[in-house]
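Worth knowing before you read on, the calculation uses all heavy atoms, side chains too, and leaves out hydrogens, waters and symmetry mates. All values reported here derive from a predicted model rather than from experimental measurement.
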Amino acid sequence: GGGLGKQLDALADDGASDPNTFAQKADQLIRQDCVAAVFGGWTSASRKVVFITNGDSPFWDAAEKGFLDAAAKQGLTGQFLRNKGGDSASQLRLLDQIASRTDVAGLAISIVDASAVGIIDRLREIGARIPVVTVDSDCRPEDQSCRRAYIGTNNLEAGKVAGRIAKQLAPDGGGWIGFVGSADAD
């Protein structure tokens, strides 16, 4: 085939749905093969977003469905990883897996314990490459630079509001019970 009276040759290469491979192949086509134009793009397989939970309870079922549906609507592949161990060591192992991957475009995480050794350092490392958002359980105020945003409830303020409402409902006092998923949740 051709265009404007000139012969055109099509060259093809495979980026293997990997951002680094795409960049390398495009550079090779331009520098070594002297192509005039490069057409192609990312597949949804190379644009993954990952959500790591702080545990493995039914609490996360609705979040998983919403996250995966929203990812698909954006043309992304969502991966929802439940921290089945429910502890910081298990969560750090999941973060280590994400840190070594080049196919992840964003990370959402509900931190088990923001003071646990390694968690914030790993989030800083990952956050230097891709957006990181904390959900439901945030990092400490002095570590907020490890993420771009927090989505969730300020539990301290929620507790104050609950206390005021409880006082209105039972001005003469009474017994109350409050439930929280983790004592460390902010």
Side-chain angles (χ1 to χ4, degrees), residues 1-54 56 60 63-85 88-112 114 116-139 142-152:
L4 300 175
K6 295 189 179 191
Q7 181 68 30
L8 294 178
D9 293 319
L11 299 177
D13 217 328
D14 182 7
S17 295
D18 175 69
N20 294 329
T21 304
F22 268 109
Q24 178 186 23
K25 299 289 186 173
D27 186 63
Q28 179 181 341
L29 287 167
I30 293 166
R31 293 179 191 268
Q32 293 176 11
D33 299 322
C34 299
V35 300
V38 176
F39 297 94
W42 304 92
T43 65
S44 62
S46 69
R47 299 179 60 218
K48 288 187 174 80
V49 287
V50 176
F51 193 121
I52 298 175
T53 67
N54 60 12
D56 185 25
W60 292 108
E64 180 175 16
K65 180 172 180 359
F67 177 78
L68 296 176
D69 288 351
K73 285 181 184 175
Q74 296 298 316
L76 302 168
T77 300
Q79 186 175 12
F80 200 87
L81 301 175
R82 291 179 186 242
N83 180 2
K84 294 188 185 296
S88 297
S90 299
Q91 192 168 58
L92 189 55
R93 282 191 293 277
L94 292 171
L95 283 170
D96 286 342
Q97 292 172 17
I98 300 306
S100 66
R101 289 173 51 183
T102 59
D103 64 336
V104 177
L107 171 67
I109 182 169
S110 180
I111 301 172
V112 173
V117 175
I119 296 286
I120 298 303
D121 290 337
R122 186 63 75 231
L123 288 176
R124 283 190 207 290
E125 177 187 328
I126 294 168
R129 293 186 297 111
I130 61 171
V132 173
V133 175
T134 55
V135 179
D136 180 56
S137 182
D138 199 10
C139 53
E142 64 268 22
D143 294 324
Q144 289 180 355
S145 64
C146 77
R147 49 85 167 151
R148 290 203 186 171
Y150 167 63
I151 302 168

Locate the shortest heavy-atom distance separating [X] from [Y]; write the atom from each residue and the value.
X: V50; Y: F67; answer: C-CZ, 3.8 Å
X: R101; Y: Q97; answer: CG-O, 3.2 Å
X: C139; Y: A114; answer: CA-CB, 3.7 Å
X: V49; Y: A71; answer: CG2-CB, 3.8 Å
X: N54; Y: Q91; answer: CA-NE2, 3.9 Å
X: V112; Y: N83; answer: CG2-ND2, 3.3 Å

If you apply the rule side chain to side chain contact (heavy atoms under 4.5 Å, CB included), what do you find for L95 with L107, and how did you get there?
CA-CA 10 Å; L95 283 170; L107 171 67; 3.8 Å; yes
Sort out for me which residue in L81, D103, L123, V132 forms a side chain to side chain contact (heavy atoms under 4.5 Å, CB included) with I98.
L81
Partner residues of S88 under the side-chain hydrogen bond (donor to acceptor under 3.5 Å, both in side chains) criterion, sequence neighbours left out:
none
Residues that K65 engages under side-chain hydrogen bond (donor to acceptor under 3.5 Å, both in side chains), provided they are two or more places apart:
D69
Atom pair [atom1] ([X]) and [atom2] ([Y]), whose distance is rounded to the nearest 0.5 Å:
X: L94; Y: K84; atom1: CG; atom2: NZ; result: 10.0 Å
X: I52; Y: S90; atom1: CD1; atom2: OG; result: 11.5 Å
X: F51; Y: W60; atom1: CZ; atom2: CH2; result: 4.5 Å

Are the side chain of R129 and the backbone N or O of A99 linked by a donor-acceptor pair below 3.5 Å?
yes
So, do [X] and [Y] sit near enough that their side-chain heavy atoms are less than 4.5 Å apart?
X: K48; Y: T77; value: yes
X: Y150; Y: I111; value: no
X: Q79; Y: V104; value: no

If the condition is salt bridge (charged side-chain N to carboxylate O under 4.0 Å, His left out), which residues does R124 pass it with, not counting sequence neighbours?
D143
Going through the checks in order, is the side chain to side chain contact (heavy atoms under 4.5 Å, CB included) test met by R147 and D138?
CA-CA 9 Å; R147 49 85 167 151; D138 199 10; 2.8 Å; yes
